[in-house]
There are 2 protein chains.
Amino acid sequence: MNTYVTHGINLLRSKGFRITTARQQVLAILSETEAPLSPYDVVDYMSEKNQKTDAITVYRIFDCLEQNGLIHRILSSGKFVKCRIEAHTPHSQQQCCHHIAICDGCGTTREIHCHAPIHIPPIPDMIITGHRLELIGRCTSCQERFS
Amino acid sequence: MNTYVTHGINLLRSKGFRITTARQQVLAILSETEAPLSPYDVVDYMSEKNQKTDAITVYRIFDCLEQNGLIHRILSSGKFVKCRIEAHTPHSQQQCCHHIAICDGCGTTREIHCHAPIHIPPIPDMIITGHRLELIGRCTSCQERFS
DNA sequence: ATCATTGCAAACCGTTTGCAGCCTT
DNA sequence: AAGGCTGCAAACGGTTTGCAATGAT
């Protein structure tokens with residue numbers, strides 16, 4: 001039982017969610033995996049461990065975890081990764097924020113804590129309230145593998 | 001026949017694509033619409049004009065237009081908008097680029113030409129080669145409507 | 001005991017594929 | 001005339017919904 005799992009369990013419990021075995025198992029799998037996972041990826045992982053679950057259940061657990069800032073949804077792939085930075089604050093141009101960098105070789109992700117504001121030129125007739133940013137890159141091992 | 005449509009037609013022709021009526025009709029609809037459209041939205045629009053098309057055809061036309069930088073794909077919704085900025089260059093942190101701002105009230109979009117580099121702190125073990133950025137905001141009329 | 005959560009079935013939606021026929025070149 | 005493009009049919013994968021059974025509190 002690692003930090004991510006216990007943190008997740010405590011957070012969910014504090015908000016009145018029930019600590020079911022399915023939720024604990026999903027948290028455990030997320031904590032063991034660096035690459036983003038789809039709900040069906042999780043089902044496969046779990047069946048390898050002889051833990052039978054339905055994909056629908058994983059969908060609902062992912063919804064719950066996302067709403068509580070425990071996982072990131074990756075727009076470009078529809079998959080999810082654990083979120084280790086507790087303060088997941090949606091932000092304007094002035095606030096501190098964090099984003100995800102995705103390796104286009106292996107899909108591994110890194111979280112980025114970004115204190116510098118993103119500079120955006122004024123937009124006519126529109127007030128900006130937030131943004132979604134995904135960085136595409138290549139991790140060290142993929143740099144070696146593909147060079 | 002406006003600038004966007006003629007520009008699109010000329011670009012496609014110059015690359016050896018055929019100028020079919022379906023492609024011209026889709027370009028015309030894109031030029032008339034500020035909000036992002038799904039392929040099925042386009043089919044509906046066209047049937048209102050008594051122009052019958054198949055959604056599959058629109059999908060393929062969208063693919064073609066996207067590859068030629070004539071439309072943007074919006075990750076968060078899977079819809080598309082016309083792209084008026086010709087130089088649609090994927091970019092690193094140093095280059096000039098452009099992105100989309102989306103009104104969360106009505107879905108209208110604005111294109112942003114962004115010359116200032118986006119400042120990203122160094123990421124351990126990863127080289128950043130590109131990024132996807134979508135700005136969320138609220139346009140003037142929606143600010144009034146919802147206030 | 002209560003009620004949130006799970007799991008099965010089935011529907012749903014957006015998207016893709018194969019192939020014959022059409023239309024631009 | 002040639003071959004890119006269209007459109008129908010059908011399949012496909014991911015996601016959602018309804019409802020009864022289960023299990024955490």
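To find a chain, count down the sequence lines: A is the first, B the second, and so on, and within it residues start at 1.
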task: Starting from P on dT6(D), measure out to CD1 on Ile19(B) and report it in whole angstrom.
output: 10 Å

Atom NZ of Lys49(B) with >12 non-hydrogen neighbours under 6.0 angstrom: yes

message: How many whole angstroms separate atom CD of Gln25(B) from atom P of dC5(D)?
response: 16 Å

field: Spacing between Leu12(B) atom CG and dT24(C) atom P, to the nearest angstrom
entry: 15 Å

From dC5(D), dA24(D), dG7(C), nucleotide with atom closest to Arg18(B) side chain: dC5(D)

- request: Go through dT15(D), dT6(C), dC8(C) for me and flag the one nearest to the Lys52(A) side chain.
  value: dC8(C)

task: Looking at every strand, decide which applies to Ser38(A) at a 4.0 Å heavy-atom threshold: base, sugar-phosphate, or nothing.
output: nothing

- prompt: Rounding to a whole Å, what distance do you find between Lys15(B):NZ and dT25(C):P?
  reply: 17 Å

- prompt: Does CZ in Arg110(A) sit with more than 12 non-hydrogen atoms of other residues, nucleotides or ligands closer than 6.0 Å?
  reply: yes

query: Does Ala55(A) or Arg13(A) map to a spot on DNA chain D nearer the 5' end, using the closest nucleotide for each?
result: Ala55(A)

- line: Of the candidates dT15(D), dT15(C), dT24(C), the side chain of Pro39(B) sits closest to dT15(C)

query: Nearest-Å distance, CD (Gln67(B)) to P (dC5(D))?
result: 11 Å

query: How do Arg60(A) and Ile56(B) order along DNA chain C: which one's closest nucleotide is nearer the 5' end?
result: Arg60(A)

- prompt: Under 4.0 angstrom, heavy atoms only, what part of the nucleic acid is Phe17(B) near: base, sugar-phosphate, or nothing?
  reply: sugar-phosphate

Out of dT15(D), dT15(C), dG7(D), whichever nucleotide has its closest atom nearest the side chain of Arg73(A): dT15(D)

task: Send over the distance from Tyr59(B) OH to dG13(D) C1', rounded to a whole Å.
output: 13 Å

query: Could you state the OH-C1' distance from Tyr40(A) to dT16(D), rounded to the nearest angstrom?
result: 11 Å

- request: Indicate whether OP1 or OP2 belonging to dC5(D) is found under 4.0 Å from a side-chain N or O atom of Arg23(B).
  value: yes

side-chain N/O Thr20(B) vs dT6(D) OP1/OP2, d < 4.0 Å: yes

- prompt: What do you reckon, is CZ of Phe62(A) surrounded by more than 12 foreign heavy atoms closer than 6.0 Å?
  reply: yes

task: Establish, from distance only, whether the side-chain atoms of Asp54(A) and Thr57(A) form a donor-acceptor pair under 3.5 Å.
output: no

message: For Tyr59(B) and Tyr40(B), take the angle between the two ring planes, folded into 0 to 90°, and tell me which bin it lands in: parallel under 30, tilted 30 to 60, perpendicular over 60.
response: perpendicular

- prompt: Expressed in angstrom and rounded to an integer, what is the separation of Phe62(B) atom CZ from dG14(C) atom C1'?
  reply: 13 Å

